[in-house]
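To keep things clear, I will list the structure first and then write my remarks on it.
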Amino acid sequence: MRKPMKGQISYIMKPFTLIAVIVLLVFLLQSLYTNRGRERIAQKNLDMISAATNILLILSNSEDCVAYKSPNTQKTQANMLDVKRLDEFASKYQDREPECARNYDFGWQVKIEQLNKDKEVEREWVFGASGFSKGKSLENEVQFWVPVAIRYDSQNIKVGKMILRLVSGDLEKFAGFFDMACKMGQLNEKTGLEKKIRVSGPVTYSGKRICMGNECRELSCNLLYFDGIRSKGEYQMKVNFKSPDILVVGK
Amino acid sequence: MKGSSVLSENILEGMALVISLILMVMVVRLVLSEQNERSQNNVLDSVARDIAMIIDREAAMVGDGQKGYEFPKGLRCNVTIYHKLLVLSVPKKEVSKTFSGHVSFTPYNFIEPAELCFKKTAGKITVEEGTCGNP
């Protein structure tokens, strides 16, 4: 009786060992991929935080943006904003970010609040994008602020804060891709651009505006042969630039 | 009859051993190639992030200045800087990264540079190959 029992145990144990080894391997590979996913999310968050910090610094310190440049020294002063530039930017950039601090991966809006002695808001300026991804199409959103000085003239300098809202999502990625292709074409850097973009819902396009739901963004170029995207999924977008402001779209 | 059964059992065990060895080699190769690709991606991503950060910090800096970037030893990649887009390329792979600052006179093309110098003069950022000299 002993010999057949041994054989029977061996026949049962071998498949079980095989299954156990396979399960172990699957677990090992899965844990490797899960860690990679976590790493990617952490990197994206880090990218977003550094982009927000850099945009705030560029806005407040660059003469191309709203920083005050002294006509005598021809130099900008750290975190001192020119009230004339603020007025200009607030009227000019109501629906899109100024090129001086644009990042084509994100969308942003900035609010500058002028504060009185009681720290109450006495005046404010807003510029940048007005429409942002919402719901399923929203990936991440951060808000940062820095203290600033608002210069009217040499005798009249007020305190304030510059608050930046930075958003990452489908709408920002779509608009960023088209605007980057448009700008690169206009600068004669590249006539064609290609990118794989994932969307979580329908995208519509009409009159230089791209929309997801009720949220829209104005584009720099007109899109030719693009009537939007009807369903969620991953799309390989291809564009070719035609002077002065046309993008021929293929997907 | 008895001999043939022993032989078939030995053959089966031998086959199992060979199959398990092949499986093990396949899994190890998969894991190693995955890790190798991941390491290469991580290195390129980190370099791209560092360069994009230098450009943005130069753009956010008040006044003139310069900052150099030395590529990690052993990394040979081509660098292209477009308007707000940086592309690093090695054979069969390309990593791109956007930045917020404005670089003048783009595009820049560098073939396997060892060091790059980012200069900001009169509000304009330019890029040169080599070590940064005296400002």
Side-chain angles (χ1 to χ4, degrees), chain A residues 7 10 14 17-18 21-22 24-26 28-29 32-33 35-36 39-40 43 46-47 50-65 67 69 73-80 97 99-106 108 176 179-180 183-190 193 195, chain B residues 5 9 12-13 16 19-20 23-24 26-28 30-32 34-35 37-39 41-42 45-46 48-50 52-65 80-87 94 96-109 120-125:
Chain A
S10 160
K14 274 178 184 167
T17 317
L18 188 69
V21 169
I22 290 169
L24 206 71
L25 284 175
V26 168
L28 182 78
L29 289 175
L32 273 173
Y33 284 113
N35 282 343
R36 199 176 170 183
E39 210 174 284
R40 271 187 189 166
Q43 272 181 357
L46 184 70
D47 281 350
S50 62
T53 316
N54 290 334
I55 290 167
L56 269 177
L57 287 171
I58 293 169
L59 280 170
S60 58
N61 291 338
S62 169
E63 60 185 80
D64 294 335
C65 289
K69 185 181 175 185
T73 59
Q74 290 297 310
K75 282 185 177 170
T76 53
Q77 288 174 36
N79 292 347
M80 186 175 284
E97 302 86 347
E99 200 57 41
C100 66
R102 176 85 197 262
N103 186 308
Y104 292 109
D105 275 346
F106 309 104
W108 58 260
D179 282 348
M180 183 158 70
K183 193 72 189 174
M184 280 181 165
Q186 286 170 341
L187 292 169
N188 286 322
E189 288 187 347
K190 254 187 169 188
L193 213 58
K195 194 180 181 182
Chain B
S5 120
E9 199 168 303
L12 275 172
E13 280 190 1
I19 291 169
S20 57
L23 270 171
M24 269 175 67
M26 277 172 68
V27 169
V28 168
L30 180 79
V31 171
L32 285 179
E34 182 76 22
Q35 284 298 321
E37 201 185 323
R38 202 172 152 186
S39 312
N41 275 343
N42 280 348
D45 271 343
S46 308
R49 186 172 289 113
D50 286 349
M53 182 65 88
I54 288 175
I55 293 172
D56 280 347
R57 287 294 148 97
E58 285 280 307
M61 188 177 68
V62 172
D64 297 348
T80 311
I81 301 170
Y82 296 105
H83 173 74
K84 310 233 176 187
L85 181 73
L86 168 78
V87 180
E94 212 175 76
S96 57
K97 182 106 189 114
T98 59
F99 49 87
S100 315
H102 174 67
V103 179
S104 301
F105 314 116
T106 50
Y108 289 93
N109 274 299
K120 189 178 184 186
T121 318
K124 290 192 189 321
I125 299 171

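Any value given below was found using the heavy atoms of this structure, including those in side chains, with hydrogens, waters and symmetry copies removed. Protein chains get the first letters and strands the later ones, always in sequence-line order, with residue 1 at the start of each.
Tested against B:Y108 for a side chain to side chain contact (heavy atoms under 4.5 Å, CB included), the candidates B:I81, B:T80, B:L86 yield a single pass: B:I81.
Contacts of A:E39 with chain B are made by side-chain atoms alone, with heavy-atom separations under 4.5 Å and no backbone atom involved. For B:Y82, the parts lying under 4.5 angstrom from a heavy atom of chain A are both the backbone and the side chain. For a residue to count as touching a neighbouring chain, one of its non-hydrogen atoms must lie under 4.5 Å from one of that chain's; by this rule A:E189 touches chain B with backbone and side chain alike. Looking at B:L30, only its side chain comes within 4.5 Å of chain A, counting heavy atoms on both sides. Heavy-atom distances place the side chain of A:T53, and not its backbone, under 4.5 Å from chain B. At a 4.5 Å heavy-atom cutoff, B:D64 makes no contact with chain A through either its backbone or its side chain. In this structure, chain B has no heavy atom under 4.5 Å from any part of A:E97.
Note: A:I58 leads A:I58, A:I55, A:L187, A:L57 in heavy-atom pairs under 4.5 Å with chain B. Here A:K190 is the residue among A:Q77, A:K69, A:K190 with the most heavy-atom pairs under 4.5 Å with chain B. Taking A:T76, A:L46, A:D47, A:L25 one by one and counting their heavy-atom pairs under 4.5 Å with chain B, the maximum is reached by A:D47.
Other residues, nucleotides and ligands contribute only 12 or fewer heavy atoms inside 6.0 Å of the CZ atom of A:R40. Other residues, nucleotides and ligands place no more than 12 heavy atoms under 6.0 Å from the NZ atom of A:K75.
With rounding to the nearest 0.5 angstrom, the NE2 atom of B:H83 is 3.5 Å from the OH atom of A:Y104. The line from CD1 of B:I125 to CD1 of B:I54 is 11.0 Å long, rounded to the nearest 0.5 Å.
The pair B:K97-A:D105 does not count as a salt bridge, with every side-chain nitrogen at least 4.0 angstrom from each carboxylate oxygen. Salt-bridge check for B:K120 with B:E58: failed, with every basic side-chain N at 4.0 Å or more from each acidic carboxylate O.
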